[in-house]
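Note sheet for the following structure.
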Amino acid sequence: MRTVRRLYFYATAFVSLEVVLWGLIGLARSFFCGRGNAVCGTAAILAQGLALVLVGLPVFGFHWWMAERFARRDGEERASGVRAVFLYGALLGTLIPIVQSALSLLDRLALQMVGLSASQAMLGPNQSWSDNLIAIVMNAIVAAYFVTVLRADWQVIAPKESFTDIRRIYRHVWLIYSLVFAVAAVQQLLRFILNAFPGGLSFQSREYTGLYRASGAHGFVLALIGLPVWYFAWKTLQTALADQAERASLLRLGVLYLLALAGVVSVLASGGVLIDVILRAVLGEVMTVPAFIQKLAGPLSIGIPLAGIWAYYGGWLGRAMAESAEAPRRAGMRRLYVYILSAIGLGAAFTGLALLLAFIVDAALGKIVWAEVLRPRLAAALATLSVGLPLWWLAWRPMQAEALVKGDEGDHARRSIIRKVYLYLALFVSVVGGMIAAASLLNLLLRALFGSSVDNLLQQVLKDLEYLFLFVGMGVYHGLMLGRDGKLASEALAEKHAAFPVLVFDRGDGSFGQAILSALHKQAPRLPVVLQPVDQPVAQEAAPKAVLVPGDLAVDSPALLRNWLDEYKGSRLVVPQAAHGWLWTAGIRPLPAAATQAAQAVRQLAEGQAVRQQAGTSGWMIAIYIIAGLFGLEILGLLVSLGISFIGR
Amino acid sequence: MKQDRFLMGILIFIGVLVAAALVLFFVRNQKPTYGAEDTPEGVLYNYAVALQLHDYKRAYGYLAEKDNKPTYNAFHQAFLTRQLDTGASAMQIGNVEMLESGEAWVNVTIQFAGNGLLDNGWSSNDKGTLVRQKGAWKITYLPNPYWGWDWYQPTPLPIKPP
């Protein structure tokens, strides 16, 4: 209830704050009318500003006053996550417009300095210096107020977890926001430099050179604003690393993953475009040197800054992974990164191969007047392949080598959930893609068989066969890897099972013991099991790692069994069984089901896993299953419609 | 080791494909040659070849004689000014349907070059129509960029003031 109330007050206060703030900015801007300001003008601007202020001010005043009153009265309220979101949100909502306004102002100045029109500005081309300055001053006043509120809160709040979490998000927002600026700055400057290459602009028109001068101006201003903001944001995050909670933060790790992967993908995409341009030139496309350089300028200007991001943040990601104390966790983090790269590489290599095969089929069989299409098609296929294949090769091979190692290390790699998801995902895509390709092929053949006119039948059949072949190849390969993983894992597990002797106590009629023996044999055939009648002493040489006792014997044990169990140091598992005078509050399952559950627990113990004692499935799990089922249905529907569209083409 | 052989096999297969594609490229990247033109598809093929070779006189000769046929100058200008640009597209000829009216419909696929990485370009399926005139097949319609939208269209007359 209190959370809902909080949400209402802070959400309303935030919206009304923005209304008041921008109303005030509008009002202030109207004071500067008549000086050639295109934005302001007339009574309309004054009326709009006044309306916003007159409506927003009482709403904001009331809700903020109430929120402050609750916060002063109640420490929990003051330390709540909702308040933290509001305060840091208010800071973002005021500081980002300051940066944007400064950028707009400086960009127009820079453009005018290089002799270009201010209308080419990236932001607010129609604004005036007064518009930007007013926005900066007004937002700065509000930001300063909320900084003081935040500082006061930090001094008194306890616990600080919510504020710490939100502040971490706030800092990372600044990091990503400023990085976008920094990358854009380098990209624009490189574009300007590469196009100013000697002779590069000599053949260009005046308008065209203007475009690149604008790039230079934009780049300079973006660097002027973006680099200090990025430096400050990153330095703040680095300084905060003195705190263990910051170092262990999943958000930080997630952002590092995101930045490193975004860097990799962008660099590879830029590299691919670069290779495509070079291949076209090598394959004989007529290009002058300046035109060639100009074509390279685009991908180079994007690729170089993002290569920097990849190298820098990839390094920090590596350090963050190395800081993890547990070796399996460290290996798991590395695996996630490499398998994502492998998946991207596999996708690109698959696409490149498909393009190449389609090219071969068309070029070999098609009666086509190619004109200038032959070259770009081959270049695109080779460029895609030359980016995707090495990436897949470099990422996949170490992961595969790791999974082929025998022993614990290999076991961890093979049983890794990330590897399983990767392999099953590849298998899923292969099966679904193969189904679509097979259906499309069959449809084509049946159409031809039923006498329908099909253009270039052989060519189309070969193209569908090509996809079928590629999907089947990918599926078979990944299926084989899954099978091999399973085989190696079961060999390793069988060794563990063989080294885990188990003793099963039985009252004497044999029904319990036989049920358990049968269940254990199904779960772990190599597990050594001995059936022990309860009225006979346990052999001296027996050294079971676990014992299974029926519930009725556990609550009413004969002295012989009780004494032996008192001395026993291994795992003791009790299988619930009806006992006279005893009620089992968690219920009793019929013997075959109870035996299966007990055998599962024994297998888990033999494999060194923790045994889950909670019975049944929770309501939440059922809800998750239902949601997953609904999503699954949606995806299935999508795939079916995709298949139908292929068949019906 | 076995694993390495499997992966090496994949690489060798891809290498063979790349080599085959390069061979095909250099074979197909020759100057196209004219073929027989006693069929509708042959005429369409030769028309596309003539445009690729910038042999506009010959290409113009494949156009049907009908009302409002563009003049040679207008035809030539359309390609010269790149109003029609056949350089960035390929034409594939498909099946032919002979109509009782004596007209021939030929399925054509126009392929356009892509923008590079991950992009094979796009294609559109359309029809070319031909009629038999003086014992030879002549083109009456083709899709863009092999045909100007205003060809064979009557020139609108100016509206007389009341």
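Each chain gets a letter, A, B and so on, in the order its sequence line appears, and its residues count up from 1.
Neither the backbone nor the side chain of A:Leu279 has a heavy atom closer than 4.5 Å to any heavy atom of chain B. Both the backbone and the side chain of A:Arg375 come within contact range of chain B, judged by heavy atoms closer than 4.5 Å. At a 4.5 Å heavy-atom cutoff, A:Leu457 makes no contact with chain B through either its backbone or its side chain. In this structure, no portion of A:Ala379 lies under 4.5 Å from any heavy atom of chain B. Both the backbone and the side chain of A:Ala269 come within less than 4.5 Å of a heavy atom in chain B. Contact annotation for B:Gln52: only side-chain heavy atoms (C-beta onward) come within less than 4.5 Å of a heavy atom of chain A.
Taking CG of A:Leu389 as the reference point, atom CG of B:Leu11 lies at 5.5 Å (rounded to 0.5 Å). To the nearest 0.5 Å, atom CG of residue A:Leu353 and atom CG of residue B:Leu17 are 6.5 Å apart. B:Thr109 OG1 to A:Ile368 CD1: the interatomic distance, rounded to the nearest 0.5 Å, is 8.5 Å. Within the model, atoms CZ of B:Phe25 and CG of A:Leu374 stand 5.5 Å from one another, a figure rounded to the nearest 0.5 Å. Between A:Asp455 atom CG and B:Asn107 atom CG the span is 4.0 Å, to the nearest 0.5 Å.
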Exercise for the section: Please step through ring-ring contact (aromatic ring centres under 6.0 Å, His included) for the pair B:Phe13 and A:Phe469, ending with a clear verdict. Expected result: CA-CA 13 Å; B:Phe13 170 68; A:Phe469 168 75; 5.6 Å; yes
Exercise for the section: Begin with the C-alpha distance, continue with both residues' side-chain angles, and end with the deciding distance and a verdict on side chain to side chain contact (heavy atoms under 4.5 Å, CB included) for A:Asn456 and B:Ile93. Expected result: CA-CA 8 Å; A:Asn456 309 300; B:Ile93 316 281; over 6 Å; no
Exercise for the section: Please lay out, stage by stage, how A:Val373 and B:Phe112 fare under the test side chain to side chain contact (heavy atoms under 4.5 Å, CB included). Expected result: CA-CA 7 Å; A:Val373 177; B:Phe112 296 93; over 6 Å; no
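Within a 6.0 Å radius of CH2 in B:Trp151, other residues, nucleotides and ligands contribute more than 12 heavy atoms.
Annotation: residues 66-92 of chain B contacts chain A through B:Thr86, B:Gly87, B:Ala88, B:Ser89, B:Ala90, B:Met91, B:Gln92 [non-hydrogen atoms, separation under 4.5 Å].
The two atoms that bring A:Trp393 and B:Met8 nearest to each other are CH2-SD, 4.4 Å, heavy atoms only. The two residues A:Trp392 and B:Ile10 have their closest heavy-atom pair at CH2-CD1, 4.5 Å.
The only member of B:Leu24, B:Asn29, B:Leu22 that meets side chain to side chain contact (heavy atoms under 4.5 Å, CB included) when paired with A:Leu378 is B:Leu22.
A donor-acceptor contact shorter than 3.5 Å is absent between the side chain of B:Asn95 and the backbone of A:Ser453. No donor-acceptor pair closer than 3.5 Å links the side chain of A:Arg377 to the backbone N or O of B:Gly121.
Highest contact tally toward chain B, considering only A:Ala363, A:Pro376, A:Gly272, A:Ala354, is held by A:Ala363 [criterion: heavy-atom pairs under 4.5 Å]. Highest contact tally toward chain B, considering only A:Leu357, A:Leu356, A:Val277, A:Leu382, is held by A:Leu356 [criterion: heavy-atom pairs under 4.5 Å].
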